[in-house]
Amino acid sequence: MTERNVLGGELEPCGTDPVTGYYRDGTCTVGLDVGLHAICAVMTEEFLAHQRSVGNDLSTPRPEFAFPGLVPGDRWCVVAARWLQAYDAGVAAPVVLAATSERALDVVPLEVLQALSVDVPPDLSALDH
């Protein structure tokens, strides 16, 4: 069975340049990942600096783990608990809800994710005033 996103729809790809996901398939599919790399986040300098300060260096390449090192603007599946830690510190990265696994809701309430969503709705008429 395929995982759903936090909105209840099909889990969309998060990022392919660099290729993200626990399974390095471009999606935030959790499957057997106990770390819950479930949140599709758009990296910011503040988020990357915070993660580095708490011992989770996402900027340095780690080829042995097929990890290229991230820069602001990259989309990456991050650990839900680490994202929440950054949120509590006021530096959470923006979230792509359609590409965030519903399993993230085990850790982060939907309202919190929605508050930092950068998704563009499929029906752009919703943006008209």
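These figures come from a predicted structure and were not determined experimentally.
Placement of Val107 and Tyr22 in two distinct hydrophobic clusters is found when ILVMFWY residues are connected by side-chain heavy-atom separations under 4.5 Å, directly or transitively. Hydrophobic cluster membership is shared by Val108 and Met43, with clusters built from Ile, Leu, Val, Met, Phe, Trp and Tyr side chains linked at under 4.5 angstrom. Linking Ile, Leu, Val, Met, Phe, Trp and Tyr residues whenever their side-chain heavy atoms come within less than 4.5 Å places Leu58 and Leu84 in a single cluster. Linking ILVMFWY side-chain heavy atoms closer than 4.5 Å, directly or via other members, places Ile39 and Val112 in a single hydrophobic cluster.
Separation of atoms CZ (Arg103) and CZ (Arg4) is listed at 15.0 Å; rounding is to 0.5 Å. Expressed to the nearest 0.5 Å, how far CG of Asn5 lies from CG of Leu105 amounts to 9.5 Å. Rounding to the nearest 0.5 Å gives a distance of 11.0 Å between OG of Ser53 and CG of Leu48. One distance of note links SG of Cys40 with CD of Glu12; it measures 9.5 Å at 0.5 Å rounding. Between the CG atom in Asp57 and the CD atom in Gln51 there is a gap of 10.0 Å [rounded to 0.5 Å]. The OG1 atom of Thr60 sits 7.0 Å away from the CZ atom of Arg52 when rounded to the nearest 0.5 Å.
Counting only distance, with no hydrogens or angles, the side chain of Asp74 and the backbone of Val71 share a donor-acceptor pair below 3.5 Å. No donor-acceptor pair closer than 3.5 Å links the side chain of Arg82 to the backbone N or O of Val79. The closest donor-acceptor contact from the side chain of Thr27 to the backbone of Pro13 lies at 3.5 Å or more, if one exists at all.
Residues Val95 and Asp119 approach most closely at O-OD1, 3.4 Å, considering heavy atoms. Closest of all the heavy-atom pairs between Val42 and Ala93 is O-CB, 3.2 Å. Among all heavy-atom pairs drawn from Thr44 and Pro72, the shortest one is C-CG, 4.2 Å. Counting all heavy atoms, side chain and backbone alike, Tyr87 lies closest to Leu116 at CD1-CD1, 3.6 Å. Closest non-hydrogen pair, Trp83 versus Ala41, comes out as CD1-CB, 4.3 Å. Between Ser101 and Leu11 the shortest heavy-atom distance is N-CD1, 3.6 Å.
Checked by atom type, the side-chain pair Thr29/Glu3 shows no donor-acceptor distance below 3.5 Å. Using modelled atom types and a 3.5 Å distance limit, the side chains of Arg75 and Thr20 yield no donor-acceptor pair.
In this model, Cys77 has its SG atom within less than 2.5 Å of the SG atom of Cys28.
Note on residues 58-72: pairs passing salt bridge (Lys or Arg N to Asp or Glu O under 4.0 Å), not counting sequence neighbours, are Arg62-Glu64.
If you look at Phe67 and Trp76, their ring centroids are closer than 6.0 Å.
You'll find the side chain of His37 stays beyond 4.5 Å of the side chain of Val78, heavy atoms only.
Summarising the local packing, CG of Asp17 is surrounded by 12 or fewer heavy atoms from other residues, nucleotides or ligands at distances under 6.0 Å.
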